[in-house]
There are 2 protein chains.
Amino acid sequence: MLTKSSTELVRQQNSALVLAALRRARNLSHTEISAATGLASATVSAITAELERAGVIAKAEQQVQGGRGRPRVLFTPRRDCGYVIVVRISSDVVQYSLTDYGGTLLDRFEESRNHDQRGTSAFAQIFVDALERLLQRSRLTRDRVLAVSISSKGLVDVDNDAARLLWSPVFGSEQLDFAALLAPEWRAKVMLNNETLLVAQALAAEAERAPEAGFRSLAAISLGHSIGLGVARKGRFGEIDVTAPNFGHMLHAPSAGLCRCGAYGCIEAAAGFYGILRAAFEVPPDTIPAKFVPIAEMDKIAASARQGHRMAGYAFRQAGLALGNGISRMLSLYERMPIYVTGPGTRYFDLLQGGLMEGVSQSLQLRLQGPPEISVVLDEQRLVFDGHLERALGVIDSEIATA
Amino acid sequence: MLTKSSTELVRQQNSALVLAALRRARNLSHTEISAATGLASATVSAITAELERAGVIAKAEQQVQGGRGRPRVLFTPRRDCGYVIVVRISSDVVQYSLTDYGGTLLDRFEESRNHDQRGTSAFAQIFVDALERLLQRSRLTRDRVLAVSISSKGLVDVDNDAARLLWSPVFGSEQLDFAALLAPEWRAKVMLNNETLLVAQALAAEAERAPEAGFRSLAAISLGHSIGLGVARKGRFGEIDVTAPNFGHMLHAPSAGLCRCGAYGCIEAAAGFYGILRAAFEVPPDTIPAKFVPIAEMDKIAASARQGHRMAGYAFRQAGLALGNGISRMLSLYERMPIYVTGPGTRYFDLLQGGLMEGVSQSLQLRLQGPPEISVVLDEQRLVFDGHLERALGVIDSEIATA
DNA sequence: GGATTATTTCTCGACAGTCGAGAAAATCAG
DNA sequence: CTGATTTTCTCGACTGTCGAGAAATAATCC
């Protein structure tokens with residue numbers, strides 16, 4: 001069932017367009033906005049006047065000099081128009097950041113997760129307190145925060161309005177509903193996303209900004225204790241569509257052994273750190289996986305693999321194979337697209353590559369279209385943060401345009 | 001990059017809305033259109049007047065009688081406004097159908113595909129000739145045909161404007177570009193879709209029509225000599241989005257043996273008719289697959305499986321397992337959705353079911369959300385045809401609205 | 001220094017579209 | 001024939017976009 005359209009929707013769409021252009025370029029003049037959006041000059045006047053009246057954009061202090069005619073006046077988003085809180089939950093630490101509406105970082109602190117006291121209710125309290133602390137440190141009130149963007153590894157409720165964590169390596173299948181946690185007191189929109197989804201979002205935004213590269217789709221794979229996948233595709237209306245399929249716990253092969261999710265044969269059970277560890281030490285594959293593998297331990301296995309140790313090399317090869325087969329299956333179901341590999345596991349990419357290429361090359365589609373481009377991207381943390389901002393600010397912009 | 005909006009686009013969208021409503025209900029009065037679309041009465045007047053002037057809709061002859069006040073005048077799409085040609089290519093026969101703009105069948109004939117003379121150029125000639133014949137029999141000119149909708153099993157170019165068959169069981173990897181074939185002489189829009197995609201389209205349209213069932217997504221799987229998958233999902237703007245992932249040639253397990261696509265371990269190599277045959281007769285799995293398996297042959301294997309013959313039962317079980325694992329992987333990458341099984345292979349569903357359920361139940365997601373609903377749908381041929389019409393008429397409608 | 005030129009922003013009227021309200025049309029009941 | 005009822009049609013108000021040209025303003029030319 002399609003939905004009806006109206007002139008107000010037109011204005012919303014075009015306002016959003018102006019905001020998006022302004023966000024990309026930081027500040028633009030009247031004529032530049034017109035050129036970037038394709039809107040007529042008169043329309044730009046109307047929209048900027050409205051946004052200025054609403055306090056969302058302002059004429060920039062510093063005006064550009066030099067041209068011949070009437071000097072251009074630059075519009076820019078008002079930084080103090082609202083604030084965004086970004087929360088990154090990882091297995092050992094939780095990072096809280098505050099940015100303004102322009103996306104510049106104002107404050108940040110981390111709290112290490114105590115490994116003993118698991119349990120969601122304890123964490124919920126810590127979480128809410130940390131947000132309050134963030135406000136106090138910057139002397140802000142709750143209603144100035146327009147969005148709280150949270151990320152974790154794991155499975156997230158796809159329903160757009162919910163912010164429920166369905167399964168995560170940190171909390172297991174104890175569900176956690178962040179929207180409910182902040183429900184009455186906070187007006188902010190609460191969003192929860194898979195970490196690797198945000199990486200894909202950031203990479204896609206970057207690709208879109210690049211000169212006419214003609215971005216269509218891409219996938220981000222994060223290697224570490226667990227395996228994450230984010231897929232970004234350009235939708236029919238030019239918008240970037242991002243999903244976080246359940247790649248790490250997709251079935252690879254029963255031989256991969258017991259996964260910490262409780263199933264047998266997940267990709268993660270072969271390619272996650274604990275899977276590699278288990279294979280390298282020839283632990284029976286139905287052993288309950290290690291809760292946590294120090295990176296030093298992994299480095300040791302990698303070193304011995306590089307020195308020619310047979311089982312260590314085999315473990316990485318099997319991990320690569322699981323990833324390669326998974327990628328092959330993923331591409332069968334979507335389409336050919338470039339793959340970006342991130343996460344702590346990239347430091348072993350030399351050891352994984354052989355198995356990975358072998359695993360990828362076993363399908364009709366890849367024979368027809370050639371193997372996908374696979375590249376390693378290093379700064380996962382920055383990408384996750386960029387993805388947070390990209391999403392949160394985008395949502396805020398579209399809410400402003402809708403109002 | 002989003003795209004700008006304008007008042008003309010609003011009219012396009014709303015015209016399309018009116019056409020869609022009219023197509024669903026055959027004929028509707030002014031007030032009914034208003035209720036169905038949510039548009040104001042005055043707007044409906046403007047749009048219907050325009051469409052009537054363009055010759056796309058007309059006031060129906062037969063008016064409904066009985067009420068008290070002014071009698072309602074029913075609008076209905078004009079059948080003679082244009083025509084659609086539907087071509088279904090299957091391995092043994094090609095079916096050509098002609099329908100009017102209302103979707104009623106006017107003419108149909110079949111031509112059996114000669115199994116010896118493969119080769120696309122010969123087929124191209126036959127194809128073009130058949131289309132001409134269809135026109136002559138109904139005394140139509142080429143320019144009265146607004147769409148030619150073609151279906152085949154296999155891989156289709158995803159690019160929306162192209163109509164290129166990339167790989168098919170019928171022509172192998174000899175590509176065939178139908179749009180180019182009809183390029184200068186025909187004004188009709190040429191579309192080519194995977195057969196199972198059309199099944200999914202038809203099922204989704206049906207689900208959408210049904211009372212508030214809240215359709216979100218579904219998958220159709222076709223079992224036969226080859227294995228097809230169509231996935232239909234409701235997009236962000238209420239439109240139905242359909243894709244035909246390359247499911248049959250997704251990697252299952254190396255043990256599945258040689259597939260006729262040339263790769264090893266495809267789902268089809270285990271679950272396609274020739275795969276089942278091969279396993280039942282204990283032919284080595286790297287044997288080059290049979291080009292064609294008569295259904296009688298399959299029936300014999302099924303009969304002996306039902307009588308307890310070990311290898312025959314095993315073959316079907318392995319086929320079910322391959323399908324189940326594939327479904328599990330597919331659902332990992334998309335989301336939980338109901339599965340509809342069609343095609344000639346459904347007559348062996350009792351034999352496949354055990355393996356299928358076992359194969360499906362091996363994943364985290366399915367343990368969290370429960371197994372998907374799987375149901376058998378019998379009349380695949382009708383669904384394919386319905387899907388053709390659904391798509392072709394939809395495209396025509398949106399082109400009319402755009403004009 | 002004053003006129004000219006180039007450039008940007010702003011404003012006005014035309015045009016397209018939707019909407020609500022009420023007039024007009026057409027039928028039925030009494 | 002009259003009034004009630006229901007549906008369709010029309011009119012004016014409102015919102016939005018667009019093109020053209022007026023207004024603003026700084027650099028340049030003489």
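Letters go in sequence order (proteins before strands), and every chain restarts at 1. All figures in this text were calculated on a predicted structure; none of them were measured in a lab.
- Residues B/Asp241 and A/Arg236 have side chains in contact (heavy-atom distance under 4.5 Å, counting atoms from C-beta outward).
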Please tabulate the protein-to-nucleotide N/O contacts below 3.5 Å involving nucleotides 22-27 of chain D, giving atom names and distances.
unit_1	atom_1	unit_2	atom_2	d
D/dA24	O4'	A/Arg70	NH1	3.3
D/dT25	O2	A/Arg70	N	2.9
D/dA26	O4'	A/Gly69	O	3.4
D/dA26	N3	A/Arg68	O	3.0
D/dA27	N3	A/Arg68	NH1	3.1

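- Mapping A/Thr31 and A/Ser5 onto DNA chain C via the closest heavy atom, the residue that lands nearer the 5' end is A/Thr31.
- No hydrogens or angles were tested; on distance alone, nothing pairs the side chain of A/Thr7 with the base of D/dC14 as donor and acceptor under 3.5 Å.
- Distance B/Arg11 CZ to D/dC18 P: 17 Å, rounded to the nearest Å.
- Place B/Ala42 and A/Ala46 on DNA chain D by their nearest nucleotides, and B/Ala42 ends up nearer the 5' end.
- With hydrogens and angles disregarded, no donor-acceptor distance shorter than 3.5 Å links the side chain of B/Ser34 to the backbone of B/His30.
- In this structure, B/Phe75 atom CZ and D/dT7 atom P are separated by 15 Å, rounded to whole Å.
- Between the A/Glu390 side chain and the A/Leu203 main chain, no donor and acceptor come within less than 3.5 Å of each other.
- By the 30° and 60° cut-offs, the orientation of the rings of B/Tyr334 relative to A/Tyr334 is tilted.
- Nucleic acid contact class of A/Ser29 (heavy atoms, under 4.0 Å, all strands): sugar-phosphate only.
- Counting heavy atoms from C-beta on, the side chains of A/Val84 and A/Leu393 come closer than 4.5 Å.
- Judged by the 6.0 Å and 45° rule, B/Arg23 forms a cation-pi pair with B/Tyr101.
- For B/Arg72 and D/dT7, the CZ to P distance is 5 Å, given to the nearest whole Å.
- Between the CG atom of A/Leu74 and the P atom of C/dT9 there is a distance of 8 Å, given to the nearest Å.
- In this structure, A/Ser6 does not reach the C/dG17 phosphate: none of its side-chain N or O atoms is under 4.0 Å from OP1 or OP2.
- Proximity of A/Asn14 to the phosphate of D/dT17: a side-chain N or O atom is located under 4.0 Å from OP1 or OP2.
- Atom NE2 in A/His30 sits roughly 16 Å away from atom P in C/dT7 (whole-Å rounding).
- Within the 4.5 Å cutoff, the side chain of A/Arg187 has heavy atoms near those of the A/Leu146 side chain.
- Contact annotation: B/Lys4 side-chain N/O to D/dC18 OP1/OP2 distance is under 4.0 Å.
- Here C/dA16 presents its C1' atom at 12 Å from CD1 of B/Ile47, a figure rounded to the nearest Å.
- Between B/Thr43 and the phosphate of C/dC19, there is a side-chain N or O to OP1/OP2 separation shorter than 4.0 Å.
- In this structure, CG of A/Leu9 is placed 11 Å from P of D/dG16, rounded to the nearest angstrom.
- Between A/Glu32 atom CD and C/dT9 atom P there is a gap of 8 Å when expressed in whole angstrom units.
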